Amino acid sequence: MSNTEVCDVVIIGAGPSGAIAAAMLAKKGWNIMVIEREVFPRFSIGESLLPHCMEFVEQAGMLDALHEHAEELGFQYKNGAAFYRNGERSDFDFEQKFSQGPGTTYQVKRAVFDKLLADEAEKAGANFRYQQTVLSVETDEQGACLEIGSEQGNYQLTAKFVLDASGFGRVLPRLLDLETPSNLTNRKAVFTHFKDNMPANANFDRQKILITVHPTIADVWYWLIPFSDGTSSIGVVTRPEFLDDSQTPEEQLLKFIHEDDNLSVLLADAEMLQPARVIGGYSASVKSLHGPSYALLGNAGEFLDPVFSSGVTIAMRSAASAATLLDRQLSGETIDWQVDYDEPLRKGIEVFKTFVMSWYDTGFQNVIFFQSEESEVKPMITSILAGYAWDETNPFVKSSTRGLRMLTKLCEAD
Ligand code: FAD
């Protein structure tokens with residue numbers, strides 16, 4: 001390994017955003033170097049995908065591989081979201097949505113899903129280096145210089161552009177002082193995988209994520225994400241003050257599960273497969289999603305909240321958008337990253353944020369449990385839940401705050 005290497009684009013991190021951007025740019029013939037701190041497969045959270053993200057998997061040329069390997073990797077075909085609150089149920093079928101685009105997707109074990117995408121990007125021509133860490137980055141209008149740490153020693157990489165896809169590692173936001181406080185409430189998630197042993201006649205649809213509102217604390221909720229091999233991911237999201245720190249994460253999770261009647265029945269015979277994990281303080285924001293010779297993708301830029309499973313979709317959309325713009329820039333066009341990248345991407349993120357905030361103040365929960373199959377707005381709400389938060393033909397995207405306020409009032413008046 002020479003001490004300074006040169007490439008067109010360095011991508012920091014090989015998660016979904018890094019892999020999608022790497023594949024798209026490599027297919028255009030650019031010399032791409034992906035630097036990843038871990039060895040794949042590695043655990044990651046974020047297992048329930050939204051149909052909109054399938055468009056970016058397809059743009060990156062990975063859709064056939066995803067369908068082909070879905071069964072052997074335990075990916076569960078997913079066609080919607082189901083909600084439960086104190087005996088009330090409400091189902092959303094993603095095929096019945098307002099927006100154009102795919103209506104189904106998968107629930108995936110991220111360790112093998114992320115490896116599949118990264119391997120496909122490598123086949124498309126991108127170079128991947130695992131167990132190497134980006135330690136420092138300097139950028140200006142001419143390009144970027146990165147210091148990489150590896151077992152063989154440190155070395156430098158220079159590139160025309162850097163895409164930061166480092167997720168919660170948030171490499172450039174930390175190094176370049178881009179962080180800005182998120183205005184979402186600090187919450188924690190406790191989660192693990194179970195062999196679920198759910199009876200075949202259980203009142204439960206494995207093809208949907210099940211989101212359950214805690215029976216007495218309205219801003220506490222659970223996810224139940226089944227995979228196709230009889231295992232499920234289960235987690236609870238809560239304000240930190242509702243966690244008893246004298247208990248282990250496993251005890252905390254089981255305590256919450258037992259507090260809900262429906263989950264208690266569904267998971268009566270479930271066996272925990274691995275220690276529970278706790279993650280908190282994940283909502284994050286930045287002053288800008290771009291700067292001289294760099295752009296931020298996915299969680300390295302903005303992360304809202306797990307509740308509508310929007311994370312991977314935002315990550316992939318940001319990757320596809322940045323890769324398309326960067327290809328044009330490297331080909332000699334002038335790109336206005338503020339107008340062409342930051343502003344359009346944030347529009348959809350803001351739509352999700354409006355719905356997330358309304359979920360926690362219970363307005364959107366009431367909307368969800370109010371929807372009948374005849375409701376004219378149900379397909380529009382379904383579109384948002386399926387990830388189509390950038391489709392401005394949907395009135396609940398175009399004027400999400402006003403639309404949601406009106407709808408919330410209607411539900412309350414009934
Ligand atoms: P990541 O997938 O985090 O990948 C970043 C990569 O960068 C990692 O592999 C990391 O090792 C590497 N890296 C970090 N620092 C460095 C460095 N210095 N040098 C080199 N490599 C580095 N999203 C959904 O869509 N559906 C869900 O159901 C869902 N559930 C969630 C539940 C919880 C509790 C939380 C917190 C999030 C959830 N998310 C969900 C969000 C999802 O986890 C993220 O949005 C998604 O993983 C972001 O992808 P990414 O490519 O931006 O980053």
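Everything numeric in this text was worked out from a predicted model, so none of it was measured. All ligand and atom numbering here is 1-based and tracks the order in the structure.
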Using a strict 4.0 Å cut-off to heavy atoms of [X], name the atoms of ligand 1 that fall inside it.
| X | result |
| --- | --- |
| E38 | 11 (O) |
| V312 | 23 (N), 24 (C), 25 (O), 45 (O) |
| S17 | 50 (P), 51 (O), 52 (O) |
| P306 | 31 (C), 32 (C), 33 (C), 34 (C) |
| A189 | 34 (C) |

With a 4.0 Å heavy-atom cut-off (strictly under), which part of [X] contacts ligand 1: side chain, backbone, both or neither?
| X | value |
| --- | --- |
| A319 | neither |
| R42 | side chain |
| V171 | side chain |
| R110 | side chain |
| S48 | both |

*Among K195, K109, Q76, whose side chain to side chain donor-acceptor pair (under 3.5 Å) with D229 holds?*
K109
*asked:* Tell me whether R170 reaches ligand 1 (any heavy atom closer than 4.0 angstrom to a ligand atom).
replied: no
Could you grab the distance from atom [atom1] of [X] to atom [atom2] of [Y], nearest 0.5 Å is fine?
| X | Y | atom1 | atom2 | value |
| --- | --- | --- | --- | --- |
| D219 | T362 | CG | OG1 | 9.5 Å |
| E55 | M316 | CD | CE | 12.0 Å |
| E120 | L63 | CD | CG | 10.5 Å |

_Atom NZ of K255 with >12 non-hydrogen neighbours under 6.0 angstrom_ = yes
Heteroatom distance test ([X], ligand 1): nitrogen or oxygen, under 3.5 angstrom:
| X | answer |
| --- | --- |
| N299 | yes |
| G18 | no |
| R37 | yes |
| G298 | no |
| E36 | yes |

*From the options V134, L175, I11, select the one whose nearest heavy atom is closest to atom 19 (N) of ligand 1.*
V134
*asked:* On a heavy-atom basis, I'd like to know which of G46, A165, S309 is closest to atom 40 (C) of ligand 1.
replied: G46
*Check the side chains of Q329 and W337 for a donor-acceptor pair under 3.5 angstrom, ignoring hydrogens and angles.*
yes
_Please tell me whether K28 and S331 have a donor and an acceptor in their side chains that are separated by less than 3.5 angstrom._
no
*In plain terms, say whether K353 and E302 are close enough for a salt bridge, that is, a side-chain N and a carboxylate O under 4.0 Å apart.*
no
*Check whether NZ of the Lys or CZ of the Arg R42 lies under 6.0 Å from the centre of the six-membered ring of Y130 and within 45 degrees of that ring's axis.*
no
*If a pair satisfies salt bridge (charged side-chain N to carboxylate O under 4.0 Å, His left out) and one of its residues is in residues 79-97, list it, with sequence neighbours excluded.*
R85-E88
*asked:* Measuring centre to centre across the rings, with the benzene-like ring taken for any Trp, is F242 within less than 6.0 Å of F256?
replied: no
